[in-house]
Every structure is written in structure tokens, then in C-alpha cells.
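What follows is a set of notes on a single structure, which appears directly below.
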Amino acid sequence: MTKISNKISALIIIYNEISHVDHLIKQLRFVDEIIVIDSFSTDGTFEKLKKNKHVKVIQRKFLNFSDQRNFAITQAKEDWILFIDADERITTKLQHEIINVVKNNTNTVAFKFPRKFVFKNKIMRFSGLQTDQVFRLFKRGSATYSQDKIVHEQLSVNGKSAILKHDLLHHSFSSIAHYKKKTEHYATLKAQELLKKGINPNYYHYYLRPIIKFITNYILRLGFLDGKAGYTICKLNAYGVWFRYQELKRLITLPKL
């Protein structure tokens with residue numbers, strides 16, 4: 001059996017995240033390799049990364065999240081893969097836990113991170129976000145991202161997985177306009193996914209699904225306890241559902257090539 005080392009390749013897919021670059025790279029000083037796949041940023045992100053001698057940056061056209069992540073995996077040379085998004089932060093406790101499980105692990109091939117959503121420097125405790133977990137650490141060769149899920153990508157793991165104890169912080173919300181734009185981007189990709197599945201939207205999708213989304217997160221999942229921020233997040237996430245099906249309707253009406 002080939003011995004697995006405790007070295008880590010940190011992988012990042014990125015587009016127009018110049019405000020996050022310094023924090024992002026600084027928190028990854030503990031890894032052995034940093035590879036960034038840039039989708040032709042226009043805000044100076046690529047140029048700034050190119051100046052950092054500790055970072056390997058590659059420009060590649062963005063098709064979807066799964067495709068871009070799978071490409072990033074092929075560029076890694078170390079035995080462990082750590083994926084991190086530009087707006088995510090690894091706390092000191094999480095960093096120590098990552099180092100520890102990589103060093104001492106024997107049979108677990110992938111780890112999920114519990115993730116906390118940060119809104120204006122405040123952690124959101126509810127609003128449907130309280131159970132968020134994402135795969136971020138795995139052995140190279142043990143997992144790939146499913147091409148069937150082009151947004152909210154799904155890691156297919158061949159082996160045992162586990163959940164770490166310490167939280168990954170998600171600074172996804174810089175402004176209402178920024179979050180709305182991000183929501184629309186994800187909704188557009190989800191619409192493409194639904195189109196391939198042959199989903200034909202109707203009144204239920206256009207109107208009831210967004211309302212159900214809001215009620216579920218704001219009432220049933222206690223978003224009201226997050227105050228005004230909870231209302232804003234729940235409303236925007238419901239808007240994302242509405243936008244998804246409006247985009248799907250638009251795609252269906254496009255002329256067939």
C-alpha cells in the first residue's frame with residue numbers, strides 16, 4: 001500500500017475577489033501548496049495573485065462549479081486536498097484540527113466542515129443556515145465532484161467520511177446587492193441543471209415554492225431570531241428560488257439550435 005503523506009494542497013476557484021485575496025492567502029500559510037483557478041477576473045484579482053510567489057495561479061474559463069473544482073484537483077500534487085472559497089475563513093482552532101486529522105488519520109478519506117454564515121461580522125444562528133456542512137478536505141484520488149450537480153456541487157466520496165468539530169466561517173454577505181447578484185448566479189446555474197432534467201415549471205414553482213422557502217427558513221427554522229438580518233437573508237434566499245424558475249422559463253422558450 002502506498003503511504004499517504006500529511007502534506008496538503010489548498011485549492012481555490014475564484015472570480016473578482018480582490019477584497020478577499022490577502023485574507024485568503026494569509027490563512028493558508030500552513031499548507032504545502034496553494035493553487036488558484038481564476039475565471040478571468042476583471043478587478044485585479046489575477047494580477048495580485050500572480051505577484052505572490054507562494055501561489056500557483058491558472059486562468060481557465062468557468063463552465064460550472066463542479067467542472068472547475070474537478071479541474072483544480074488535477075493540478076494538485078500533494079496527497080490531501082483542501083478546498084476553500086474566497087469568502088471563507090479558517091479559524092486557528094480549525095487549522096489545528098485540519099493539521100491533526102491529516103497527520104494522524106488512518107482510514108477516513110474525506111471530512112466535512114460545519115460552516116457558519118457571517119452577516120456584517122455577526123454569526124447567523126438560524127434562518128435555515130444552522131445545519132450547513134460542506135466537504136472541504138479529502139485524500140487525492142478518493143473523491144470527485146458530480147457533473148450532474150453544476151451548482152451547490154456534490155462531492156462523491158469513495159470511502160469513509162467524518163465531520164470536523166470546529167467551524168468554517170462563511171463571509172458570503174458583503175452587501176444586499178452583492179448577495180442578490182450571487183443568488184441570481186447560483187439560480188441561473190440551477191435552472192440549467194433543471195432544464196437538463198426536463199423540469200417544466202408551473203404556478204407552484206413560480207409562486208408557492210418561494211413562499212414555502214421563506215416560511216420554512218424564517219418561521220420553522222427560526223430565522224426571526226436572527227432579527228433584521230434573518231429577515232433579509234430569508235427573503236433573498238426565497239427570491240433566489242423565484243429567480244431560478246423565471247430563468248428556467250426563459251431557457252425553455254429559447255429557440256432550439
Side-chain angles (χ1 to χ4, degrees), residues 15-17 19-20 23-24 27 65 83-94 97 111-136 149-155 161-194 199 201-250:
Y15 176 73
N16 284 357
E17 296 284 5
S19 63
H20 289 294
H23 291 292
L24 178 65
Q27 71 176 331
F65 288 103
F83 259 111
I84 186 76
D85 289 347
D87 56 5
E88 293 175 337
R89 299 291 177 265
I90 298 173
T91 64
T92 301
K93 288 183 178 179
L94 179 57
E97 188 176 11
F111 294 90
K112 277 187 175 182
F113 293 8
R115 186 168 62 169
K116 297 297 184 185
F117 192 100
V118 182
F119 177 88
K120 295 182 178 179
N121 296 318
K122 175 185 176 183
I123 292 178
M124 305 287 284
R125 302 291 180 184
F126 305 100
S127 304
L129 303 166
Q130 56 265 53
T131 55
D132 188 18
Q133 296 177 346
V134 286
F135 276 113
R136 282 291 184 261
K149 298 282 288 185
I150 63 176
V151 64
H152 303 306
E153 54 275 22
Q154 180 176 319
L155 189 71
S161 63
I163 303 172
L164 297 187
K165 295 179 181 179
H166 296 102
D167 296 325
L168 180 68
L169 301 182
H170 191 197
H171 292 261
S172 182
F173 199 113
S174 59
S175 69
I176 290 177
H178 174 263
Y179 191 78
K180 182 181 179 183
K181 186 176 181 180
K182 180 180 287 189
T183 298
E184 290 175 348
H185 177 56
Y186 288 157
T188 299
L189 291 173
K190 186 64 178 178
Q192 294 171 12
E193 193 176 292
L194 294 176
I199 302 298
N202 53 37
Y203 180 91
Y204 167 74
H205 298 95
Y206 298 137
Y207 302 105
L208 293 183
R209 284 288 295 269
I211 292 172
I212 292 170
K213 179 74 170 180
F214 179 80
I215 291 174
T216 299
N217 288 336
Y218 191 67
I219 304 299
L220 301 181
R221 304 204 69 187
L222 307 178
F224 63 89
L225 294 179
D226 281 324
K228 184 178 179 180
Y231 174 79
T232 300
I233 292 295
C234 292
K235 182 179 178 180
L236 285 171
N237 285 338
Y239 165 78
V241 175
W242 176 85
F243 191 92
R244 174 198 309 167
Y245 291 106
Q246 294 298 319
E247 177 64 12
L248 178 57
K249 179 172 68 173
R250 186 189 72 82

In Å, rounded to the nearest 0.5 Å, how long is the span from [atom1] of [X] to [atom2] of [Y]?
{"X": "Phe83", "Y": "Arg136", "atom1": "CZ", "atom2": "CZ", "answer": "8.5 Å"}
{"X": "Thr91", "Y": "Phe113", "atom1": "OG1", "atom2": "CZ", "answer": "10.0 Å"}
{"X": "Arg250", "Y": "Phe243", "atom1": "CZ", "atom2": "CZ", "answer": "8.5 Å"}
{"X": "Thr232", "Y": "Lys180", "atom1": "OG1", "atom2": "NZ", "answer": "13.0 Å"}
{"X": "Thr183", "Y": "His178", "atom1": "OG1", "atom2": "NE2", "answer": "9.5 Å"}
{"X": "Phe135", "Y": "Phe111", "atom1": "CZ", "atom2": "CZ", "answer": "10.0 Å"}

Using a 6.0 Å cut-off, check whether atom [atom1] of [X] has over 12 heavy atoms from anything other than its own residue.
{"X": "Phe65", "atom1": "CZ", "result": "yes"}
{"X": "Lys182", "atom1": "NZ", "result": "yes"}
{"X": "His185", "atom1": "NE2", "result": "yes"}

For the backbone of [Y] and the side chain of [X], can you confirm whether one donor and one acceptor N or O come within less than 3.5 Å of each other?
{"X": "Gln246", "Y": "Arg244", "value": "no"}
{"X": "Glu247", "Y": "Thr188", "value": "no"}
{"X": "His205", "Y": "Asn202", "value": "yes"}
{"X": "Glu97", "Y": "His166", "value": "yes"}

Does [X] reach the side chain of [Y], with side-chain heavy atoms less than 4.5 Å apart?
{"X": "Arg89", "Y": "His20", "result": "yes"}
{"X": "Tyr245", "Y": "Leu194", "result": "yes"}
{"X": "Asp87", "Y": "Val118", "result": "no"}
{"X": "Leu248", "Y": "Tyr206", "result": "no"}

Do you know the tightest heavy-atom contact between [X] and [Y]?
{"X": "Lys112", "Y": "Gln133", "result": "CD-OE1, 3.9 Å"}
{"X": "Asp85", "Y": "Leu24", "result": "O-CD1, 3.7 Å"}
{"X": "Arg221", "Y": "Gln130", "result": "O-NE2, 3.2 Å"}
{"X": "Lys213", "Y": "Ala238", "result": "CG-CA, 3.9 Å"}
{"X": "Phe126", "Y": "Leu222", "result": "CB-O, 3.2 Å"}
{"X": "Asp226", "Y": "Ser127", "result": "OD2-OG, 2.8 Å"}

TODO: Report the residues that fulfil side chain to side chain donor-acceptor pair (under 3.5 Å) with Arg115, sequence neighbours left out, ordered by chain and then residue number.
DONE: Glu88, Asp132

Task: Residue pair Leu129, Asn217: steps toward the side chain to side chain contact (heavy atoms under 4.5 Å, CB included) verdict - done: CA-CA 8 Å; Leu129 303 166; Asn217 288 336; over 6 Å; no

Open item on the list: For a salt bridge (Lys or Arg N to Asp or Glu O under 4.0 Å) check, start with the C-alpha distance between Lys93 and Asp167, then their side-chain angles and the critical distance, and finish with the verdict.
Closed with: CA-CA 8 Å; Lys93 288 183 178 179; Asp167 296 325; over 6 Å; no

- [ ] List the steps and the verdict of side chain to side chain contact (heavy atoms under 4.5 Å, CB included) for Ile84 and Leu168.
- [x] CA-CA 9 Å; Ile84 186 76; Leu168 180 68; 3.7 Å; yes

TODO: Give the C-alpha distance, both sets of side-chain angles, the deciding distance and a yes or no for side chain to side chain contact (heavy atoms under 4.5 Å, CB included) between Tyr204 and Arg209.
DONE: CA-CA 6 Å; Tyr204 167 74; Arg209 284 288 295 269; 3.1 Å; yes

Task: Listed partners of Arg125 passing salt bridge (charged side-chain N to carboxylate O under 4.0 Å, His left out), at least two apart - done: none

- [ ] Indicate the ring-plane relationship of Tyr218 and Phe214, choosing parallel, tilted or perpendicular according to the 30° and 60° boundaries.
- [x] parallel

